[in-house]
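Scroll down for the structure; my scribbles are underneath it.
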Amino acid sequence: MSRRANHLGKILLWAVACVVATTAWGAEDTNKVFRARAEATFYRTQALLQTDANNSSNAWVFARACYDLVQFSTNKVKQADIARLGITACEQLVKRDPKSAAGHYYLAMNYGELADAVEPSLTAYRLIRDIEREFKAALALDETFDFAGPDRCLGLLYRDAPGWPISIGSWHKAREYLERADVVAPNFPENQLNLAESYLQWREDGEAGKNLKKLESTWNSAQTNLTGEAWEVSWRDWVSRRIAARIEFQKLFKRVPGT
């Protein structure tokens, strides 16, 4: 390993140590702020839906709020209850408007949260097929929704689900959908991070290196375009994952991305 790579590696280790220390120091307070925001959005959008239940936007925006709120609950029963509210809203929406990409998308997202809340169980495994179906319906209607969300989520589903004969997990399908998400929305950090992490998992140094290098080139513009409270949780996640991916790349391949 070159002296330059070793130096850069030390910088990366120092950077991640700073992120971990900062996160540990203020994580509880930060999570309280994020949870309070998610709860406020949940109750506000719930009130809107109750006022006008036939408004399609009210339904899927509330379902999105349900999905977001689940992230800040550690109680599995509460997680499942919140997810079911989002599921009910979206099931009613897609029954009324089967061409609602957002309805199918957030139905799948809340199915996913319900599966997480009830795992491990037969219910969780059965829900995987429902998740797949709804993401595919959303993809057919609008591949660009949520920055290529349907492709991105299908890719992660195929990557992380158990394989045949237990479930639908498939390396080939995961690669296909994750790469397509990066084509549809190439400047969205989540798409590039998912690909980079997957390539690292699959020990593909060339592809992982290219993806991390691409992420570096689009990072500043993404920070400029994706701003405000709505993106703070995502950026907290992306920053730590980006550093972790670079360190993992160096650990596995004894060099830094781009060298």
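The basis for the numbers below is simple: all heavy atoms, side chains too, and nothing from hydrogens, waters or symmetry mates.
- Listed by chain and number, the residues in a salt bridge (charged side-chain N to carboxylate O under 4.0 Å, His left out) with Asp205 are Arg255 (sequence neighbours excluded).
- For the ring pair (Phe, Tyr, Trp, His ring centres under 6.0 Å) test, residues two or more places apart in sequence or in another chain that qualify with Tyr105 are Phe135, Phe145.
- Listed by first and then second residue, the salt bridge (charged side-chain N to carboxylate O under 4.0 Å, His left out) pairs that reach into residues 191-201 are Glu197-Arg241, sequence neighbours excluded.
- For the residue pair Asp142 and Thr144, a side-chain donor N or O sits within less than 3.5 Å of a side-chain acceptor on the partner.
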Side-chain donor-acceptor distances from residues 177-188 under 3.5 Å, at least two apart:
| from | atom 1 | to | atom 2 | distance (Å) |
| --- | --- | --- | --- | --- |
| Glu179 | OE2 | Arg175 | NE | 3.2 |
| Glu179 | OE2 | Tyr199 | OH | 2.6 |
| Arg180 | NE | Asp151 | OD1 | 3.0 |
| Arg180 | NE | Asp151 | OD2 | 3.4 |
| Arg180 | NH2 | Asp151 | OD1 | 3.1 |
| Asp182 | OD1 | Lys214 | NZ | 3.4 |
| Asp182 | OD2 | Lys214 | NZ | 2.8 |

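- Trp219 meets the ring pair (Phe, Tyr, Trp, His ring centres under 6.0 Å) test with Trp235; sequence neighbours excluded.
- Among residues two or more places apart in sequence or in another chain, the side-chain contact (heavy atoms from CB on, under 4.5 Å) test is passed with Glu229 by Arg37, Glu232.
- Under the rule for a side-chain contact (heavy atoms from CB on, under 4.5 Å), the partners of Leu48 that lie at least two apart in sequence or sit in another chain are Arg44, Asn58.
- Residues meeting the side-chain contact (heavy atoms from CB on, under 4.5 Å) test with Asn220, sequence neighbours left out: Gln223.
- Grouping Ile, Leu, Val, Met, Phe, Trp and Tyr residues whose side-chain heavy atoms lie under 4.5 Å apart, directly or via other members, places Tyr43 in a hydrophobic cluster with Phe42, Leu49, Phe62, Leu69, Val70, Ile82, Leu85.
- Judged as a side-chain contact (heavy atoms from CB on, under 4.5 Å), and not counting sequence neighbours, the contacts of Leu141 are Lys99, Ala101, His104.
- Judged purely by distance below 3.5 Å, without hydrogens or angles, the side chains of Asn31 and Arg236 pair a donor atom with an acceptor atom.
- Between the CG atom of Asp68 and the CE atom of Met109 there is a distance of 8.0 Å, given to the nearest 0.5 Å.
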Between side-chain atoms of residues 153-161 and protein atoms elsewhere (two or more places apart, or another chain), which donor-acceptor pairs fall under 3.5 Å?
| from | atom 1 | to | atom 2 | distance (Å) |
| --- | --- | --- | --- | --- |
| Tyr158 | OH | Glu132 | OE2 | 2.6 |
| Arg159 | NH1 | Ser198 | OG | 2.9 |

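- Applying the 4.5 Å side-chain rule to ILVMFWY residues, one finds that Trp164 remains a lone member of its cluster.
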